[in-house]
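Keep in mind that this is a model prediction, so the values were computed, not measured.
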Amino acid sequence: EPVWAIGTGKVATPEIAQDVHKVCRDIVADMYDHGVAHECRILYGGSVSPESVDGLMAKPDIDGTLVGGASLDDSKFGRIINFETVEE
C-alpha cells in the first residue's frame, strides 16, 4: 500500500500497484531466479474494496489482496472474494 493511502481508505490505481508489484517480482528474480519469482505470491496490501478489486486482480503481478474493513460487511466481502476477471 502506498504511504499516501495508509489509513485513508484510498487505493492505488491498478497501474501504480502493478508497477510496484513488478519491481518486487523482478527483485525476487534477481535474488533467486525467474522460477522462484513466478511461484512467489505477491499481495496488494491496501484497502481493497468491491469497487477496486476487479482492476487490481486483472494485473499480472498482483496475485491477491488483503482485505481490511470491507471484511466486516458480508456483502462487500462476498463481492471481493467473488471478483470479476477483467480482460486487459
* Asked: Is there a chain of hydrophobic side chains (I, L, V, M, F, W, Y, each step under 4.5 Å between heavy atoms) that links F77 to L56?
  -> yes
* Structure fact -> Between the SG atom in C24 and the CD1 atom in I62, the distance rounded to the nearest 0.5 Å is 10.5 Å
* Structure fact -> Residues joined to V20 in its hydrophobic cluster, side chain to side chain under 4.5 Å directly or through other members, sorted by chain and number, are none
* Asked: Would a 4.5 Å heavy-atom cut-off, applied to side chains only, mark V48 and L66 as touching?
  -> no
* Asked: Is there a donor-acceptor pair closer than 3.5 Å between any side-chain N or O of D33 and the backbone N or O of A29?
  -> no
* Residue list, side chain to side chain contact (heavy atoms under 4.5 Å, CB included) with S49, at least two apart or on another chain -> E51, S52
* C40 side, atom SG; H34 side, atom NE2 - distance, nearest 0.5 Å -> 13.5 Å
* Is D54 salt-bridged to K59, going by a charged N under 4.0 Å from an acidic O? -> no
* Nearest heavy-atom neighbours spanning P14 and G55 -> CB-O, 3.4 Å
* So which pairs with a foot in residues 20-31 pass salt bridge (Lys or Arg N to Asp or Glu O under 4.0 Å), sequence neighbours left out? -> K22-D26, R25-D61, R25-D63
* Can you tell if the side chain of T65 reaches within under 4.5 Å of the side chain of M57, non-hydrogen atoms only? -> yes
* Results of side chain to side chain contact (heavy atoms under 4.5 Å, CB included) for D73 - residues two or more places apart only -> S75, K76
* Asked: When V67 is tested against each of L72, I80, I81 for side-chain contact (heavy atoms from CB on, under 4.5 Å), which residue passes?
  -> I80
* Asked: Partners of E39 by side chain to side chain contact (heavy atoms under 4.5 Å, CB included), sequence neighbours excluded?
  -> none
* Structure fact -> Going by chain and number, the hydrophobic cluster around V23 (ILVMFWY, side chain to side chain under 4.5 Å) further includes I27, V28, M31, Y32, V36
* Structure fact -> Taken in chain and number order and not counting sequence neighbours, the residues that satisfy side chain to side chain contact (heavy atoms under 4.5 Å, CB included) with P2 are W4, A5, A12, Y44
